[in-house]
Amino acid sequence: MGSHSLPSASAADAVAKLAAAEALKSTAASAASAPGSSTGTASNTAQGASAAVDNGAVAAVPSSDAPAVVLDPEAEAEAYERANVHNVYEAIAPHFSATRYKPWPAVAQFLHAQQPGYVGLDVGCGNGKYLGVNKNTFMVGSDRSANLVSHANERVKQLQKLQQPEAEVAKTQTAGSKEKKKKQKGEVPSADGERESEAPNAIIGKEADREVAVANDVLVADGLLLPFREGRADFAICIAVIHHMSTRTRRQEAIRQLLKCVRPGGQVMVYVWALEQGESRRGWDEGGEQDLLVPWVLKSQQPKPKKEKQPKAPKQKQKRQQKQAQEQAHEQADTPMREQVQNSNEPQEGIAAENVGEKEAAPTSSTIVPSSSNPEDTGPAIGSGTEAGVTEPTSADATATATAEAKTDTGGPTGAAANTDPVFQRYYHLYRKGELEEDVLAARGAVVMSGYERDNWWVVATHAYQ
Amino acid sequence: MKVMTLNFLTCAVKNCKSSNDSFPLHPKEAELAKDDIEINPQLLINVLPRIDWAALRTTSTELGFPTLPEQPPSPEDLQNDEALLKELHELLMETQMMEGKLVCGHCGHEYAVKNGVANFLLPSHLV
(Lines give C-alpha, C1' and ligand atoms only; values in the text may rest on other atoms or scores of the structure.)
Protein backbone atom coordinates (compact mmCIF):
# COMPACT_ATOMS: atom_id res chain seq x y z
CA MET A 1 0.00 0.00 0.00
CA GLY A 2 1.13 3.50 -0.45
CA SER A 3 3.82 4.43 -2.80
CA HIS A 4 7.48 4.09 -2.94
CA SER A 5 9.55 7.14 -2.43
CA LEU A 6 7.89 9.63 -4.65
CA PRO A 7 10.04 12.16 -6.35
CA SER A 8 7.98 15.02 -5.07
CA ALA A 9 8.66 18.58 -4.19
CA SER A 10 8.42 17.87 -0.53
CA ALA A 11 11.14 15.30 -0.75
CA ALA A 12 13.46 17.99 -1.92
CA ASP A 13 12.23 20.11 0.93
CA ALA A 14 13.09 17.46 3.37
CA VAL A 15 16.58 17.17 2.05
CA ALA A 16 16.99 20.88 2.43
CA LYS A 17 15.71 20.68 5.96
CA LEU A 18 18.08 17.94 6.77
CA ALA A 19 20.91 19.90 5.34
CA ALA A 20 19.93 22.74 7.61
CA ALA A 21 19.91 20.40 10.52
CA GLU A 22 23.30 19.14 9.55
CA ALA A 23 24.58 22.65 9.74
CA LEU A 24 23.25 22.93 13.23
CA LYS A 25 24.88 19.91 14.56
CA SER A 26 27.86 20.75 16.57
CA THR A 27 31.08 19.04 17.29
CA ALA A 28 29.33 15.77 17.18
CA ALA A 29 30.05 12.55 18.78
CA SER A 30 31.03 10.82 15.64
CA ALA A 31 34.68 11.43 16.03
CA ALA A 32 34.67 10.14 19.53
CA SER A 33 32.45 7.22 18.88
CA ALA A 34 34.79 4.67 17.56
CA PRO A 35 33.13 1.41 16.75
CA GLY A 36 33.92 0.07 20.15
CA SER A 37 32.05 2.72 21.99
CA SER A 38 28.84 2.46 20.11
CA THR A 39 25.68 0.98 21.34
CA GLY A 40 27.18 -1.74 22.96
CA THR A 41 28.41 -4.72 21.28
CA ALA A 42 32.04 -4.52 21.76
CA SER A 43 32.39 -2.70 24.99
CA ASN A 44 29.69 -4.62 26.67
CA THR A 45 31.07 -7.97 26.06
CA ALA A 46 34.61 -7.09 26.68
CA GLN A 47 34.44 -7.75 30.33
CA GLY A 48 31.72 -10.18 30.98
CA ALA A 49 30.09 -9.13 34.17
CA SER A 50 31.19 -5.57 33.87
CA ALA A 51 29.28 -5.11 30.68
CA ALA A 52 26.57 -3.12 32.27
CA VAL A 53 29.05 -0.73 33.67
CA ASP A 54 30.72 -0.25 30.35
CA ASN A 55 27.39 0.63 29.11
CA GLY A 56 27.36 3.46 31.50
CA ALA A 57 24.35 2.58 33.46
CA VAL A 58 24.08 0.04 36.11
CA ALA A 59 21.15 0.09 38.37
CA ALA A 60 23.76 -0.70 40.81
CA VAL A 61 24.52 -1.14 44.36
CA PRO A 62 25.52 1.99 46.16
CA SER A 63 29.21 1.67 46.59
CA SER A 64 30.18 4.44 48.91
CA ASP A 65 27.75 4.29 51.75
CA ALA A 66 26.87 0.66 51.89
CA PRO A 67 29.20 -2.07 53.02
CA ALA A 68 29.40 -4.66 50.34
CA VAL A 69 27.82 -7.35 52.40
CA VAL A 70 24.88 -5.44 53.74
CA LEU A 71 22.86 -5.06 50.63
CA ASP A 72 19.29 -4.15 50.70
CA PRO A 73 17.12 -6.75 49.04
CA GLU A 74 16.37 -4.56 46.07
CA ALA A 75 20.00 -3.83 45.36
CA GLU A 76 20.83 -7.43 45.87
CA ALA A 77 18.16 -8.47 43.44
CA GLU A 78 19.45 -6.02 40.92
CA ALA A 79 22.98 -7.23 41.30
CA TYR A 80 21.82 -10.78 41.02
CA GLU A 81 19.91 -10.10 37.84
CA ARG A 82 22.81 -8.19 36.44
CA ALA A 83 25.02 -11.21 36.82
CA ASN A 84 22.51 -13.87 35.99
CA VAL A 85 20.44 -12.23 33.32
CA HIS A 86 21.72 -8.99 31.87
CA ASN A 87 25.34 -9.93 31.44
CA VAL A 88 24.41 -13.29 30.08
CA TYR A 89 22.25 -11.79 27.38
CA GLU A 90 24.93 -9.29 26.51
CA ALA A 91 27.32 -12.15 26.01
CA ILE A 92 25.07 -14.51 24.14
CA ALA A 93 23.26 -11.86 22.14
CA PRO A 94 24.30 -12.92 18.64
CA HIS A 95 23.63 -16.58 19.32
CA PHE A 96 20.40 -15.81 21.06
CA SER A 97 19.28 -13.47 18.35
CA ALA A 98 20.02 -15.99 15.65
CA THR A 99 17.66 -18.40 17.31
CA ARG A 100 14.79 -16.04 17.86
CA TYR A 101 12.61 -15.07 15.03
CA LYS A 102 9.35 -16.84 15.37
CA PRO A 103 6.55 -14.92 16.98
CA TRP A 104 4.41 -16.84 19.42
CA PRO A 105 0.95 -17.33 17.92
CA ALA A 106 -0.86 -15.78 20.88
CA VAL A 107 1.38 -12.75 20.70
CA ALA A 108 0.96 -12.35 16.96
CA GLN A 109 -2.77 -12.58 17.45
CA PHE A 110 -2.68 -9.88 20.10
CA LEU A 111 -0.64 -7.61 17.86
CA HIS A 112 -2.86 -8.13 14.87
CA ALA A 113 -5.86 -7.18 16.97
CA GLN A 114 -4.49 -3.67 17.50
CA GLN A 115 -6.12 -0.85 15.57
CA PRO A 116 -4.52 1.23 12.83
CA GLY A 117 -2.53 4.10 14.26
CA TYR A 118 -2.02 2.46 17.61
CA VAL A 119 1.30 3.09 19.27
CA GLY A 120 2.73 0.06 21.04
CA LEU A 121 5.65 -0.82 23.25
CA ASP A 122 7.63 -4.02 23.33
CA VAL A 123 9.42 -4.05 26.65
CA GLY A 124 12.23 -6.56 26.60
CA CYS A 125 12.10 -6.73 22.83
CA GLY A 126 15.26 -8.80 22.53
CA ASN A 127 16.17 -8.98 18.88
CA GLY A 128 12.93 -7.33 17.93
CA LYS A 129 11.08 -10.28 16.53
CA TYR A 130 7.70 -8.75 17.36
CA LEU A 131 8.45 -5.51 15.62
CA GLY A 132 6.93 -5.65 12.22
CA VAL A 133 3.96 -7.89 12.87
CA ASN A 134 1.18 -5.35 12.44
CA LYS A 135 1.96 -2.87 9.72
CA ASN A 136 -0.59 -0.29 10.80
CA THR A 137 0.86 0.19 14.24
CA PHE A 138 3.93 2.04 15.37
CA MET A 139 6.02 0.09 17.82
CA VAL A 140 8.92 1.02 20.04
CA GLY A 141 10.97 -1.83 21.40
CA SER A 142 13.18 -1.55 24.44
CA ASP A 143 15.60 -3.95 26.02
CA ARG A 144 18.08 -3.96 28.86
CA SER A 145 20.70 -5.53 26.65
CA ALA A 146 22.37 -3.07 24.33
CA ASN A 147 23.69 -5.94 22.27
CA LEU A 148 20.27 -7.34 21.67
CA VAL A 149 18.96 -3.90 20.85
CA SER A 150 21.59 -3.47 18.20
CA HIS A 151 20.29 -6.67 16.65
CA ALA A 152 16.78 -5.35 16.93
CA ASN A 153 17.87 -2.14 15.27
CA GLU A 154 19.28 -4.08 12.37
CA ARG A 155 16.01 -5.86 12.11
CA VAL A 156 14.13 -2.57 12.01
CA LYS A 157 16.35 -1.51 9.14
CA GLN A 158 15.79 -4.81 7.39
CA LEU A 159 12.07 -4.41 7.68
CA GLN A 160 12.29 -0.97 6.20
CA LYS A 161 14.11 -2.37 3.23
CA LEU A 162 11.45 -4.96 2.55
CA GLN A 163 9.49 -2.46 0.59
CA GLN A 164 12.30 -2.34 -1.91
CA PRO A 165 12.62 -4.76 -4.77
CA GLU A 166 15.28 -6.87 -3.06
CA ALA A 167 12.58 -8.24 -0.84
CA GLU A 168 11.34 -10.26 -3.73
CA VAL A 169 14.65 -11.96 -3.97
CA ALA A 170 14.58 -12.95 -0.37
CA LYS A 171 11.12 -14.25 -0.78
CA THR A 172 11.97 -16.66 -3.50
CA GLN A 173 15.04 -17.84 -1.75
CA THR A 174 13.22 -19.09 1.25
CA ALA A 175 10.16 -20.41 -0.43
CA GLY A 176 9.78 -24.08 0.01
CA SER A 177 11.97 -24.41 3.02
CA LYS A 178 9.03 -24.68 5.31
CA GLU A 179 7.79 -28.17 4.78
CA LYS A 180 11.19 -29.67 4.90
CA LYS A 181 12.01 -28.12 8.20
CA LYS A 182 8.75 -29.02 9.74
CA LYS A 183 9.18 -32.62 8.93
CA GLN A 184 12.62 -32.60 10.32
CA LYS A 185 11.80 -31.45 13.72
CA GLY A 186 8.32 -32.77 14.02
CA GLU A 187 7.71 -30.60 16.99
CA VAL A 188 6.30 -27.50 15.51
CA PRO A 189 3.23 -26.03 17.08
CA SER A 190 0.43 -26.43 14.66
CA ALA A 191 -1.00 -23.04 15.26
CA ASP A 192 1.76 -21.03 13.80
CA GLY A 193 2.43 -20.37 10.21
CA GLU A 194 6.03 -19.55 10.72
CA ARG A 195 8.79 -21.05 8.80
CA GLU A 196 12.40 -21.50 9.34
CA SER A 197 15.24 -21.50 7.03
CA GLU A 198 18.93 -21.60 7.21
CA ALA A 199 19.19 -19.14 4.42
CA PRO A 200 21.09 -16.11 5.59
CA ASN A 201 18.13 -13.90 5.00
CA ALA A 202 15.54 -16.14 6.50
CA ILE A 203 14.26 -13.29 8.54
CA ILE A 204 13.66 -11.16 5.55
CA GLY A 205 12.21 -13.96 3.57
CA LYS A 206 9.72 -14.82 6.21
CA GLU A 207 8.52 -11.29 6.49
CA ALA A 208 8.37 -10.80 2.79
CA ASP A 209 5.53 -13.25 2.59
CA ARG A 210 3.16 -10.91 4.22
CA GLU A 211 2.55 -7.30 4.89
CA VAL A 212 5.36 -5.85 6.85
CA ALA A 213 5.35 -3.09 9.37
CA VAL A 214 8.11 -0.63 8.78
CA ALA A 215 7.24 1.87 11.49
CA ASN A 216 9.34 0.71 14.41
CA ASP A 217 12.03 2.01 16.66
CA VAL A 218 14.22 0.57 19.39
CA LEU A 219 16.08 1.82 22.43
CA VAL A 220 17.97 0.58 25.45
CA ALA A 221 16.16 0.80 28.78
CA ASP A 222 15.59 -1.04 32.02
CA GLY A 223 12.15 -2.57 32.36
CA LEU A 224 11.75 -1.07 35.81
CA LEU A 225 12.93 2.38 34.73
CA LEU A 226 11.22 2.92 31.44
CA PRO A 227 11.55 6.22 29.59
CA PHE A 228 8.07 6.09 28.13
CA ARG A 229 5.53 8.77 28.90
CA GLU A 230 2.88 7.46 31.17
CA GLY A 231 -0.53 6.71 29.77
CA ARG A 232 0.41 7.39 26.16
CA ALA A 233 0.84 4.01 24.54
CA ASP A 234 -2.16 2.13 23.25
CA PHE A 235 -0.76 -1.26 24.09
CA ALA A 236 2.35 -2.99 25.33
CA ILE A 237 3.80 -6.44 25.20
CA CYS A 238 6.37 -7.97 27.48
CA ILE A 239 7.31 -11.39 26.22
CA ALA A 240 9.55 -13.77 28.11
CA VAL A 241 10.98 -11.03 30.25
CA ILE A 242 9.64 -10.79 33.76
CA HIS A 243 10.46 -14.41 34.51
CA HIS A 244 14.03 -13.14 34.64
CA MET A 245 13.30 -10.93 37.61
CA SER A 246 14.36 -12.54 40.81
CA THR A 247 11.79 -11.39 43.34
CA ARG A 248 8.07 -11.37 43.19
CA THR A 249 8.02 -7.72 44.14
CA ARG A 250 10.08 -6.85 41.12
CA ARG A 251 8.00 -8.96 38.79
CA GLN A 252 4.88 -7.24 39.99
CA GLU A 253 6.55 -3.87 39.70
CA ALA A 254 7.45 -4.66 36.12
CA ILE A 255 3.80 -5.30 35.32
CA ARG A 256 2.90 -2.12 37.15
CA GLN A 257 5.31 -0.15 34.99
CA LEU A 258 3.84 -1.65 31.84
CA LEU A 259 0.35 -0.71 32.93
CA LYS A 260 1.50 2.82 33.65
CA CYS A 261 2.72 3.18 30.10
CA VAL A 262 -0.62 2.47 28.48
CA ARG A 263 -3.63 4.73 28.35
CA PRO A 264 -6.84 3.88 30.19
CA GLY A 265 -8.27 0.85 28.47
CA GLY A 266 -4.94 0.08 26.88
CA GLN A 267 -3.90 -3.54 27.04
CA VAL A 268 -0.70 -5.17 28.17
CA MET A 269 0.27 -8.68 27.20
CA VAL A 270 2.70 -10.51 29.45
CA TYR A 271 4.15 -13.86 28.56
CA VAL A 272 6.23 -16.00 30.89
CA TRP A 273 7.71 -19.43 31.15
CA ALA A 274 5.49 -21.94 32.90
CA LEU A 275 6.42 -24.32 35.64
CA GLU A 276 3.96 -26.75 34.17
CA GLN A 277 5.79 -28.10 31.16
CA GLY A 278 4.61 -31.66 31.17
CA GLU A 279 4.90 -31.87 27.44
CA SER A 280 8.45 -30.68 27.20
CA ARG A 281 11.67 -32.55 27.59
CA ARG A 282 12.88 -30.28 30.32
CA GLY A 283 11.18 -32.29 32.97
CA TRP A 284 9.68 -29.40 34.87
CA ASP A 285 6.18 -29.68 36.14
CA GLU A 286 3.73 -28.80 38.81
CA GLY A 287 5.17 -28.82 42.28
CA GLY A 288 8.75 -28.41 41.15
CA GLU A 289 11.30 -25.78 41.96
CA GLN A 290 10.28 -22.47 40.48
CA ASP A 291 13.53 -20.56 40.66
CA LEU A 292 16.21 -21.96 38.45
CA LEU A 293 19.41 -21.26 36.69
CA VAL A 294 18.96 -22.45 33.17
CA PRO A 295 21.99 -23.08 31.00
CA TRP A 296 22.58 -21.56 27.65
CA VAL A 297 25.19 -23.49 25.77
CA LEU A 298 27.08 -21.25 23.49
CA LYS A 299 28.03 -23.25 20.48
CA SER A 300 31.36 -22.23 19.12
CA GLN A 301 31.99 -25.09 16.73
CA GLN A 302 30.20 -23.44 13.96
CA PRO A 303 30.11 -25.12 10.62
CA LYS A 304 28.75 -22.12 8.81
CA PRO A 305 27.77 -18.61 9.67
CA LYS A 306 24.14 -17.82 10.12
CA LYS A 307 22.08 -14.75 9.62
CA GLU A 308 22.29 -11.75 11.92
CA LYS A 309 25.64 -10.34 11.32
CA GLN A 310 27.51 -9.21 14.31
CA PRO A 311 29.31 -6.22 13.00
CA LYS A 312 31.56 -5.68 15.96
CA ALA A 313 32.95 -9.09 16.31
CA PRO A 314 36.54 -8.28 17.09
CA LYS A 315 36.19 -7.48 20.72
CA GLN A 316 33.79 -10.27 21.23
CA LYS A 317 36.19 -12.62 19.74
CA GLN A 318 38.78 -11.34 22.04
CA LYS A 319 36.60 -11.92 24.99
CA ARG A 320 35.53 -15.25 23.78
CA GLN A 321 39.02 -16.37 23.39
CA GLN A 322 39.90 -15.17 26.75
CA LYS A 323 37.05 -16.96 28.38
CA GLN A 324 37.25 -20.14 26.53
CA ALA A 325 40.91 -20.31 27.19
CA GLN A 326 40.04 -20.66 30.80
CA GLU A 327 38.13 -23.76 30.17
CA GLN A 328 39.46 -25.42 27.17
CA ALA A 329 42.83 -25.67 25.64
CA HIS A 330 41.82 -26.18 22.08
CA GLU A 331 40.29 -22.84 21.40
CA GLN A 332 39.74 -22.12 17.80
CA ALA A 333 40.85 -18.67 17.09
CA ASP A 334 38.44 -18.02 14.32
CA THR A 335 35.29 -19.17 15.94
CA PRO A 336 33.83 -16.32 17.82
CA MET A 337 30.63 -16.90 19.62
CA ARG A 338 28.42 -15.70 16.89
CA GLU A 339 25.89 -17.49 14.93
CA GLN A 340 26.08 -20.95 16.19
CA VAL A 341 22.78 -22.45 16.28
CA GLN A 342 22.99 -26.11 16.02
CA ASN A 343 22.98 -28.26 19.06
CA SER A 344 25.30 -30.96 18.01
CA ASN A 345 23.99 -33.44 20.48
CA GLU A 346 20.44 -33.15 19.36
CA PRO A 347 20.60 -31.91 15.84
CA GLN A 348 16.91 -31.91 15.30
CA GLU A 349 16.31 -29.79 18.30
CA GLY A 350 19.00 -27.29 17.65
CA ILE A 351 17.36 -24.73 15.50
CA ALA A 352 13.95 -26.18 15.71
CA ALA A 353 13.29 -26.06 19.38
CA GLU A 354 15.22 -22.87 19.68
CA ASN A 355 12.95 -20.92 17.58
CA VAL A 356 9.73 -21.87 19.05
CA GLY A 357 10.18 -19.23 21.62
CA GLU A 358 11.93 -19.08 24.89
CA LYS A 359 13.85 -22.25 24.48
CA GLU A 360 17.31 -23.13 25.42
CA ALA A 361 20.10 -24.48 23.36
CA ALA A 362 20.50 -27.58 25.41
CA PRO A 363 18.44 -27.42 28.52
CA THR A 364 18.67 -30.99 29.48
CA SER A 365 17.60 -31.61 32.99
CA SER A 366 20.99 -32.81 33.99
CA THR A 367 22.48 -29.39 33.60
CA ILE A 368 19.77 -27.52 35.35
CA VAL A 369 20.75 -26.36 38.72
CA PRO A 370 17.89 -25.54 40.97
CA SER A 371 18.38 -22.86 43.51
CA SER A 372 18.62 -23.80 47.11
CA SER A 373 15.83 -21.80 48.55
CA ASN A 374 12.57 -20.30 47.71
CA PRO A 375 13.44 -16.69 47.12
CA GLU A 376 9.91 -15.51 46.89
CA ASP A 377 9.81 -12.00 48.21
CA THR A 378 12.93 -12.51 50.17
CA GLY A 379 15.55 -11.71 47.64
CA PRO A 380 17.30 -13.37 44.83
CA ALA A 381 17.67 -17.03 44.49
CA ILE A 382 20.97 -18.21 45.69
CA GLY A 383 22.00 -21.14 43.66
CA SER A 384 23.39 -23.69 45.99
CA GLY A 385 24.94 -26.14 43.66
CA THR A 386 25.90 -23.57 41.15
CA GLU A 387 29.25 -24.42 39.82
CA ALA A 388 28.32 -21.93 37.28
CA GLY A 389 29.90 -18.93 38.68
CA VAL A 390 33.50 -18.81 39.41
CA THR A 391 34.69 -17.19 36.27
CA GLU A 392 35.60 -13.63 35.97
CA PRO A 393 34.80 -11.75 39.06
CA THR A 394 34.87 -8.27 37.75
CA SER A 395 35.14 -4.78 38.89
CA ALA A 396 31.51 -4.27 38.15
CA ASP A 397 30.55 -6.61 40.83
CA ALA A 398 33.24 -5.72 43.22
CA THR A 399 30.94 -3.47 45.11
CA ALA A 400 28.29 -6.08 45.20
CA THR A 401 30.14 -9.13 46.16
CA ALA A 402 27.60 -10.29 48.56
CA THR A 403 27.43 -13.97 49.04
CA ALA A 404 24.81 -14.47 46.43
CA GLU A 405 26.80 -12.59 43.93
CA ALA A 406 30.00 -14.34 44.65
CA LYS A 407 28.52 -17.75 44.50
CA THR A 408 26.39 -17.33 41.52
CA ASP A 409 28.11 -14.85 39.35
CA THR A 410 27.42 -16.40 36.06
CA GLY A 411 28.28 -13.48 33.96
CA GLY A 412 30.87 -15.63 32.35
CA PRO A 413 30.52 -18.99 30.79
CA THR A 414 31.68 -22.15 32.39
CA GLY A 415 32.63 -25.52 31.20
CA ALA A 416 30.42 -27.24 33.69
CA ALA A 417 28.46 -29.11 31.11
CA ALA A 418 29.80 -32.24 29.61
CA ASN A 419 31.07 -30.49 26.55
CA THR A 420 33.53 -27.80 25.78
CA ASP A 421 31.12 -25.13 24.71
CA PRO A 422 30.78 -22.31 27.20
CA VAL A 423 27.67 -22.52 29.28
CA PHE A 424 25.94 -19.42 30.54
CA GLN A 425 23.42 -19.68 33.32
CA ARG A 426 20.37 -17.51 33.26
CA TYR A 427 18.05 -17.03 36.15
CA TYR A 428 14.40 -17.92 35.60
CA HIS A 429 11.35 -17.85 37.74
CA LEU A 430 8.95 -20.43 36.37
CA TYR A 431 5.37 -19.34 36.84
CA ARG A 432 2.92 -21.77 38.31
CA LYS A 433 -0.66 -21.79 37.18
CA GLY A 434 -2.55 -18.71 38.35
CA GLU A 435 0.51 -16.87 39.56
CA LEU A 436 0.69 -14.48 36.64
CA GLU A 437 -2.88 -13.41 37.20
CA GLU A 438 -2.08 -12.85 40.87
CA ASP A 439 0.80 -10.64 39.90
CA VAL A 440 -1.39 -8.61 37.59
CA LEU A 441 -3.84 -7.97 40.41
CA ALA A 442 -1.02 -7.05 42.75
CA ALA A 443 0.12 -4.54 40.13
CA ARG A 444 -3.32 -3.00 40.28
CA GLY A 445 -4.27 -4.41 36.96
CA ALA A 446 -7.22 -6.42 35.79
CA VAL A 447 -7.03 -9.60 33.78
CA VAL A 448 -8.73 -9.34 30.42
CA MET A 449 -7.82 -12.82 29.37
CA SER A 450 -5.17 -15.38 30.02
CA GLY A 451 -3.98 -18.67 28.71
CA TYR A 452 -1.32 -21.28 28.27
CA GLU A 453 0.66 -21.75 25.12
CA ARG A 454 3.34 -24.32 24.77
CA ASP A 455 5.16 -24.16 28.09
CA ASN A 456 4.21 -20.56 28.73
CA TRP A 457 1.54 -18.70 30.63
CA TRP A 458 0.26 -15.47 29.18
CA VAL A 459 -2.11 -12.78 30.27
CA VAL A 460 -3.67 -9.71 28.74
CA ALA A 461 -4.13 -7.08 31.40
CA THR A 462 -5.50 -3.60 31.62
CA HIS A 463 -5.95 -1.00 34.33
CA ALA A 464 -8.23 -2.02 37.12
CA TYR A 465 -11.09 0.38 37.49
CA GLN A 466 -10.57 2.49 40.54
CA MET B 1 15.72 7.17 16.94
CA LYS B 2 12.78 8.52 15.05
CA VAL B 3 11.22 11.89 15.72
CA MET B 4 7.98 9.99 16.20
CA THR B 5 9.52 8.02 19.04
CA LEU B 6 10.73 11.17 20.76
CA ASN B 7 7.13 12.18 21.09
CA PHE B 8 6.55 9.27 23.44
CA LEU B 9 9.67 9.48 25.53
CA THR B 10 10.47 11.20 28.76
CA CYS B 11 13.21 11.01 31.33
CA ALA B 12 13.73 7.58 32.88
CA VAL B 13 14.34 9.12 36.29
CA LYS B 14 11.28 8.46 38.40
CA ASN B 15 11.18 11.89 39.99
CA CYS B 16 11.16 13.56 36.61
CA LYS B 17 8.05 11.83 35.36
CA SER B 18 5.72 14.22 37.08
CA SER B 19 7.53 17.29 35.86
CA ASN B 20 6.41 19.06 32.72
CA ASP B 21 10.02 19.90 32.05
CA SER B 22 10.96 16.30 31.37
CA PHE B 23 9.01 16.22 28.13
CA PRO B 24 9.95 16.44 25.43
CA LEU B 25 13.58 15.53 25.83
CA HIS B 26 15.83 18.00 24.11
CA PRO B 27 18.13 16.85 21.33
CA LYS B 28 21.68 18.07 21.66
CA GLU B 29 24.48 17.80 19.15
CA ALA B 30 22.12 15.85 17.01
CA GLU B 31 23.29 14.26 13.81
CA LEU B 32 20.39 13.43 11.60
CA ALA B 33 19.88 11.02 8.77
CA LYS B 34 16.96 10.24 6.57
CA ASP B 35 15.71 6.74 6.02
CA ASP B 36 13.73 5.77 3.00
CA ILE B 37 10.56 4.29 4.39
CA GLU B 38 7.40 3.40 2.60
CA ILE B 39 4.63 5.79 3.47
CA ASN B 40 1.57 4.34 5.19
CA PRO B 41 -1.30 6.85 5.03
CA GLN B 42 -3.59 4.74 7.14
CA LEU B 43 -1.05 4.60 9.93
CA LEU B 44 -0.18 8.27 9.72
CA ILE B 45 -3.72 9.54 9.70
CA ASN B 46 -4.64 7.38 12.65
CA VAL B 47 -1.50 8.09 14.58
CA LEU B 48 -1.95 11.85 14.37
CA PRO B 49 -4.35 12.13 17.32
CA ARG B 50 -1.77 10.31 19.44
CA ILE B 51 0.91 12.86 18.75
CA ASP B 52 1.56 15.58 21.28
CA TRP B 53 1.64 18.34 18.69
CA ALA B 54 3.10 21.02 20.90
CA ALA B 55 5.97 18.73 21.80
CA LEU B 56 6.46 17.80 18.18
CA ARG B 57 6.74 21.49 17.30
CA THR B 58 9.39 21.90 19.95
CA THR B 59 11.34 18.88 18.79
CA SER B 60 11.08 19.90 15.18
CA THR B 61 12.35 23.37 15.91
CA GLU B 62 15.17 22.09 18.08
CA LEU B 63 16.27 19.80 15.30
CA GLY B 64 16.51 22.77 13.01
CA PHE B 65 13.42 22.28 10.92
CA PRO B 66 11.07 25.12 10.02
CA THR B 67 8.47 25.84 12.66
CA LEU B 68 5.41 23.68 12.40
CA PRO B 69 1.97 25.27 12.36
CA GLU B 70 0.45 25.81 15.74
CA GLN B 71 -2.37 23.40 15.16
CA PRO B 72 -2.01 19.88 13.84
CA PRO B 73 -3.55 19.10 10.48
CA SER B 74 -6.92 17.43 10.56
CA PRO B 75 -7.42 13.91 9.24
CA GLU B 76 -9.20 15.45 6.29
CA ASP B 77 -6.26 17.69 5.60
CA LEU B 78 -4.02 14.68 5.50
CA GLN B 79 -6.33 12.65 3.36
CA ASN B 80 -6.63 15.34 0.75
CA ASP B 81 -3.14 16.67 0.72
CA GLU B 82 -0.56 14.19 -0.37
CA ALA B 83 2.30 16.63 0.01
CA LEU B 84 1.33 17.34 3.57
CA LEU B 85 1.06 13.66 4.33
CA LYS B 86 4.47 13.07 2.90
CA GLU B 87 5.96 15.92 4.84
CA LEU B 88 4.61 14.49 8.06
CA HIS B 89 5.88 11.07 7.11
CA GLU B 90 9.33 12.45 6.51
CA LEU B 91 9.41 14.22 9.82
CA LEU B 92 7.94 11.49 12.00
CA MET B 93 9.11 8.29 10.39
CA GLU B 94 12.05 9.00 8.13
CA THR B 95 14.07 11.50 10.08
CA GLN B 96 16.51 9.69 12.33
CA MET B 97 18.65 11.02 15.09
CA MET B 98 21.81 9.00 14.63
CA GLU B 99 24.17 10.53 17.14
CA GLY B 100 23.95 13.04 19.91
CA LYS B 101 22.23 13.36 23.25
CA LEU B 102 18.76 13.70 24.63
CA VAL B 103 18.62 16.03 27.58
CA CYS B 104 16.03 16.08 30.33
CA GLY B 105 14.83 19.59 30.98
CA HIS B 106 14.13 18.74 34.61
CA CYS B 107 17.18 16.91 35.93
CA GLY B 108 19.55 17.75 33.12
CA HIS B 109 20.60 14.16 32.58
CA GLU B 110 21.85 13.46 29.09
CA TYR B 111 21.03 10.20 27.36
CA ALA B 112 23.42 9.19 24.64
CA VAL B 113 22.23 8.34 21.16
CA LYS B 114 24.66 6.22 19.18
CA ASN B 115 24.18 4.49 15.89
CA GLY B 116 20.61 5.64 15.97
CA VAL B 117 19.86 4.00 19.30
CA ALA B 118 19.21 5.92 22.50
CA ASN B 119 20.37 4.44 25.77
CA PHE B 120 18.16 5.14 28.79
CA LEU B 121 19.97 3.06 31.35
CA LEU B 122 20.65 5.21 34.37
CA PRO B 123 23.80 5.54 36.41
CA SER B 124 23.31 4.27 39.93
CA HIS B 125 23.02 7.68 41.56
CA LEU B 126 19.94 8.45 39.49
CA VAL B 127 18.10 5.22 40.13
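The figures here come from the full heavy-atom set of this structure, side chains too, leaving out hydrogens, waters and symmetry mates. Note on naming: letters A, B, ... go to the chains in the order of the sequence lines (proteins, then strands), and numbering restarts at 1 for each one. Keep in mind the model is a prediction, meaning the values are calculated, not measured.
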Hey, are the side chains of A/L225 and B/K14 touching, using non-hydrogen atoms and a 4.5 Å cut-off?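 Contact flag for A/L225/B/K14 side chains = yes.
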
pair A/V218-A/L131: side-chain heavy atoms closer than 4.5 Å: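 Contact flag for A/V218/A/L131 side chains = yes.
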
Identify which of [options] forms the greatest number of heavy-atom pairs closer than 4.5 Å to chain B.
| options | answer |
| --- | --- |
| A/L121, A/L224, A/N216 | A/N216 |
| A/T137, A/D217, A/V140 | A/D217 |
| A/A233, A/P227, A/A215, A/P116 | A/P227 |

Under 4.5 Å heavy-atom distance to chain B, tell me which part of [X] shows up: side chain, backbone, both or neither.
| X | result |
| --- | --- |
| A/S142 | neither |
| A/D234 | side chain |
| A/V119 | both |

Assess whether a salt bridge exists between [X] and [Y], defined as any Lys/Arg side-chain N lying under 4.0 Å from an Asp/Glu carboxylate O.
| X | Y | result |
| --- | --- | --- |
| B/K86 | B/E82 | no |
| A/E230 | B/K17 | no |
| A/E81 | A/R250 | yes |
| A/D222 | A/R144 | yes |

Can you say whether [X] sits under 4.5 Å from chain A via the side chain, the backbone, both, or neither, judging by heavy atoms?
| X | value |
| --- | --- |
| B/F8 | both |
| B/M93 | side chain |
| B/K2 | both |
| B/I51 | backbone |

We want to know whether A/N136 and B/N40 form a side-chain donor-acceptor pair, criterion being a heavy-atom distance below 3.5 angstrom.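 The criterion, which ignores hydrogens and geometry beyond distance, is satisfied for B/N40 and A/N136.
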
Can you tell me if A/E154 and A/Q158 form a side-chain donor-acceptor pair at under 3.5 Å?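 Absent: no donor and acceptor within the cut-off.
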
Within 45° cone and under 6.0 Å: A/R263 NZ/CZ vs A/Y118 ring: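 Cation-pi check for A/R263 and A/Y118: passes.
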
Suppose we screen for side-chain hydrogen bond (donor to acceptor under 3.5 Å, both in side chains). Which residues come up paired with A/R229, at least two apart in sequence or across chains?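 With sequence neighbours excluded, A/R229 shows a side-chain hydrogen bond (donor to acceptor under 3.5 Å, both in side chains) to B/D52, given in chain and number order.
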
Taking the six-membered ring for Trp, are B/F120 and B/Y111 ring centroids under 6.0 Å apart?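 Yes; B/Y111 has its ring centre under 6.0 Å from that of B/F120.
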
Within residues 67-77 of chain B, which positions have a heavy-atom distance to chain A below 4.5 Å?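 No residue falls under the 4.5 Å cut-off.
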
